[in-house]
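Worksheet for the structure shown next.
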Amino acid sequence: MYKETQKMKEITLVYLDRSGGLEKFVQDCRKYNDSKQSYAVYRFVISVNPSDVAELDATLGNYVLHKPMKAAGIFQSVCFVAIKTLSLIEQLQTEAQISILLKPTHLPPLPSYVLSLSAFPFNYTSKRFYTSEGIAIAMGTVTKYTQGARFLCTGETCPYSEGFNYIRVHVPGATESATVRNDFACSLCSSPLQEDMKFRVLGDKQIVEMIDAKVLHALKGYSDHKAHFRIQAFTVFLRDELANRMTIGNHYKIIGIPACVQNGPQATACIEASSVQLCKTNGPSFIGENFKYLLSLTSGSCWRFTALLANIFASQVVPPGTYNTLKLAILLSLVQTTCEIENADYLDLLVVTSDSLIADRLLNYSLCLLPRGIRHPASSDIFPSVSKDKHGTGSASIQACSALLAQGGICYIGDLSSYKKDKLELLQSVLESRTTTLFIPGKKYGEEADQQVTISVQTNFWSYVDVASSPKKHIARDSFLIGQMDLSLIPPNLLDGFGLLIYNEFPSCQLSFPVLNHVLQNAINPEAMLYRVSEQFRTQDYEEFILFAKNLHVQLSSEAENLIQGYYLASRRVRRDSAHGSKLSASALKVLYVQISLSKAHTKLSLRKKVLEEDALIAILLFESSLTLKHGKSALCIEPNAVFPFDLSDEDSLQQRDIYLLQCHHQLLQFIGAYGPGTYISTNEE
């Protein structure tokens, strides 16, 4: 056994030399030595590649993977000899003062190295490395823990009453009382040991609650996922350099050692993390053959492909050709979802409807096209809240919510009129700033000072307003303009917070025959495919298409930018009254932002990478329709259903729509020329 241990120590030195770990170790030693301060514990973090170690020596590789505590002991001995031989730290006295933390770069991609609380048995006694994935659903504030402590024998004549013979170091899964207690005894004279407080070494600790990503399936409003599975949250301890490495709501892959921590009568399964890696889902690198064929058929027009996409979309829920404007808006919002804060273009959607059942079904169905589509349950919070940590620390813990679980996706909050005033005000604030701020009173959570935590909210919000069944009374007004709707149910500032306002075409009292027939047929046989397009363009095909389109990086052309700016300036002048000035001035940046976001979304949906004037035109027509609902018609005077003025039944109807949109483009240029002086727009005089 001694020869084997010596061999492993030699291999350890060879590995450190070859991997560059020895050079980093020497640099860390110099930092300790330059401080001229004596520590009880000298902590070193060593990155280890298990594959490289196993190639040098299989036994040592096995120790790193399955007996990390023993492997750390071998590395500790090698490091101690290196320090003494090279005189790296003058203050170091004993080997026990060295604390080695091994961080494997990866683990073998085998099932035995994957830890999941939804699978049994949960082996928390092995004390070896596992990998696990999950979403951070709760996060505590950073607190202190004891990295290491020095104890002295209380016997005056005992040789261990001085020096660094008794060193207690934190090990994975250990509680604070396991590291520092008052019932230790001297192994030489059996006298009680007493801690030398001035040598206690403190580190940062953060407790995070994680849960399997499968939980997202349970939080969707509609799903074809029929598998049953067990989901349980687990606790992750982040220490020292890993503290604050996680963001609540994000998906992470961790490598760590599992343990079971006793907190009074309760036992908590936990993982002591040694590395944390953000999981990024890469979208598919291709689209379905049917979409490719459809794209080739419509290559002669910049508008036909997206029109047909909207026309046949969600045929499992509503008949093809119905609710086209709403379906196009949904598709545009779906492709404008991203986890990248820098490149985020949000597109929130508010549906005004008299038929909430159809609208709700359509929005619910559309959520499932994204991995992060969350249907907000009315019993929980939309935005994060603060509570006491349940692990007995008494510190604050920030609990996730629907908006953070929908990170990089869609948060569908249902009927907007069902929320109270304070919730609506908070929603308005988030829509404007894309952040939410939590106040943590220090006195309540054992801190010296109060804290304010600002959390980024990276999600699109969907909601609807049922103007027919709302319990609130409408205020009778004679001053409504043409096209304007009574939206007094919702505060005006909140209406402006949503990027796009869409009116459902068919009121419930006048259901069209196709919709009525679809509802009845679906009720009789829910599993039946009622339309051929449902087989050609399945839900899975649309999922892949959306994931592909949303990852496209698009650029705004100067022509499209000029058209958007010209429309904004002209529309701002037109929508002005003598008492309050321009109705758009208060949200100027928001207006431009929404139109650019809509234009980019239409470009992505068209599978192009450059925003053209044709994309900007669709964005302007949708936005003008939204403004008409809020403020009434302007001098631009667009059709009530501006993007889909008639049914798309054949090739001729598509051609007719192209001609209509070209006329809209010409009309828009005239509108800009008349009401937006000083704006240069390139026009085709022919």
Side-chain angles (χ1 to χ4, degrees), residues 287 291 294-295 297-311 313 324-338 343-349 460 499-500 502 545-546 548-571 590-627 636 638-639 641-645 648 654 657-669 671-672 679 681-684:
I287 57 173
F291 282 116
L294 188 64
L295 184 62
L297 286 179
T298 58
S299 58
S301 168
C302 293
W303 295 310
R304 293 190 183 186
F305 182 64
T306 53
L308 291 176
L309 280 181
N311 194 64
F313 175 58
N324 280 350
T325 303
L326 175 57
K327 290 191 291 185
L328 177 62
I330 288 173
L331 288 170
L332 293 175
S333 183
L334 286 171
V335 297
Q336 282 296 66
T337 53
T338 179
N343 302 319
D345 291 304
Y346 303 104
L347 187 54
D348 306 303
L349 188 60
N460 288 345
L500 199 57
I502 297 293
F545 177 85
I546 294 296
F548 177 83
K550 73 192 288 285
N551 288 321
L552 293 175
H553 294 282
V554 299
Q555 291 183 338
L556 192 66
S557 68
S558 58
E559 295 83 6
E561 188 176 359
N562 286 337
L563 193 67
I564 291 171
Q565 289 180 355
Y567 163 73
Y568 165 70
L569 292 173
S571 185
K590 179 76 174 180
V591 172
L592 289 171
Y593 175 86
V594 170
Q595 291 175 67
I596 292 172
S597 182
L598 280 167
S599 303
K600 288 182 176 180
H602 191 267
T603 306
K604 289 181 179 180
L605 207 59
S606 304
L607 302 181
R608 285 185 274 104
K609 294 188 177 181
K610 190 171 185 179
V611 181
L612 306 176
E613 281 191 80
E614 288 83 353
D615 302 306
L617 176 65
I618 296 294
I620 288 170
L621 291 177
L622 285 170
F623 191 75
E624 178 67 18
S625 299
S626 181
L627 288 181
L636 186 56
I638 62 171
E639 295 287 335
N641 199 0
V643 181
F644 293 96
L648 304 179
L654 287 170
R657 180 175 180 267
D658 284 351
I659 295 171
Y660 158 78
L661 289 174
L662 286 172
Q663 292 172 348
C664 287
H665 185 235
H666 183 67
Q667 184 182 346
L668 176 61
L669 294 178
F671 172 73
I672 293 171
T679 306
I681 297 290
S682 58
T683 60
N684 189 339

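Below, all heavy atoms of this structure are taken into account, side chains as well, without hydrogens, waters or symmetry copies.
Tested against Leu328, the residues Ile502, Leu309, Val643 include a single side-chain contact (heavy atoms from CB on, under 4.5 Å) partner, Val643. Residue Asp615 forms a side-chain hydrogen bond (donor to acceptor under 3.5 Å, both in side chains) with just one option from Lys610, Lys600, Arg608, and that option is Arg608. Among the candidates Ile330, Leu621, Leu622, the single residue satisfying the side-chain contact (heavy atoms from CB on, under 4.5 Å) test with Thr325 is Leu622. Remark: of the listed residues Ile564, Leu661, Leu612, Leu661 is the sole one forming a side-chain contact (heavy atoms from CB on, under 4.5 Å) with Leu617.
For Tyr660 against Ala642, the heavy-atom pair with the smallest separation is OH-O, 2.6 Å. Scanning all heavy atoms of the two residues, the minimum distance from Ala307 to Arg657 falls at CB-NH1, 3.4 Å. Here the shortest heavy-atom pairing between Ala601 and Gln336 reads CB-CG, 3.3 Å. Nearest heavy-atom pair, Leu607 versus Ala549, reported as atom, atom and distance to 0.1 Å: CD2-CB, 4.2 Å. Minimum heavy-atom separation, Ile672 to Tyr567: CD1-N, 3.6 Å. Residues Ile287 and Phe545 share a closest heavy-atom pair of CG2-CD1, 4.0 Å.
Residues Phe644 and Asn311 are not in side-chain contact: their nearest non-hydrogen atoms beyond the backbone lie 4.5 Å or more apart. Within the 4.5 Å cutoff, the side chain of Leu563 has heavy atoms near those of the His665 side chain. In this structure, Leu627 and Glu624 have side chains that are in contact, with non-hydrogen atoms separated by less than 4.5 Å. Taking 4.5 Å as the limit, every side-chain heavy atom of Leu654 sits out of range of all side-chain heavy atoms of Ser301. Looking only at side-chain heavy atoms (C-beta outward), Phe623 and Ile620 stay at 4.5 Å or farther from each other. You'll find the side chain of Val335 stays beyond 4.5 Å of the side chain of Leu552, heavy atoms only. Counting heavy atoms from C-beta outward, His602 and Glu614 have side chains that stay 4.5 Å or more apart. A heavy-atom distance below 4.5 Å is not found between the side chains of Thr298 and Trp303.
For the pair Ser333 (side chain) and Leu347 (backbone), a donor-acceptor distance under 3.5 Å is present.
Residue Ile618 holds its CD1 atom at 10.0 Å from OG of Ser599, rounded to the nearest 0.5 Å. From Asp658, atom CG reaches atom CZ of Arg304 across 4.5 Å, with rounding to the nearest 0.5 Å. Note: Thr306 OG1 to Lys604 NZ = 15.0 Å, rounded to the nearest 0.5 Å. With rounding to the nearest 0.5 angstrom, the CG atom of Leu598 is 9.0 Å from the OG atom of Ser626. Atom CG of Asn324 sits about 9.5 Å away from atom CG of Leu308, to the nearest 0.5 Å. Of the inter-residue distances, the one linking Gln555 atom CD with Glu561 atom CD reads 12.0 Å to the nearest 0.5 angstrom.
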Take Leu349 and Leu332 through the test side-chain contact (heavy atoms from CB on, under 4.5 Å) and record every step on the way to the result.
CA-CA 10 Å; Leu349 188 60; Leu332 293 175; over 6 Å; no
Residue pair Tyr593, Asp345: steps toward the side-chain contact (heavy atoms from CB on, under 4.5 Å) verdict
CA-CA 8 Å; Tyr593 175 86; Asp345 291 304; 4.2 Å; yes
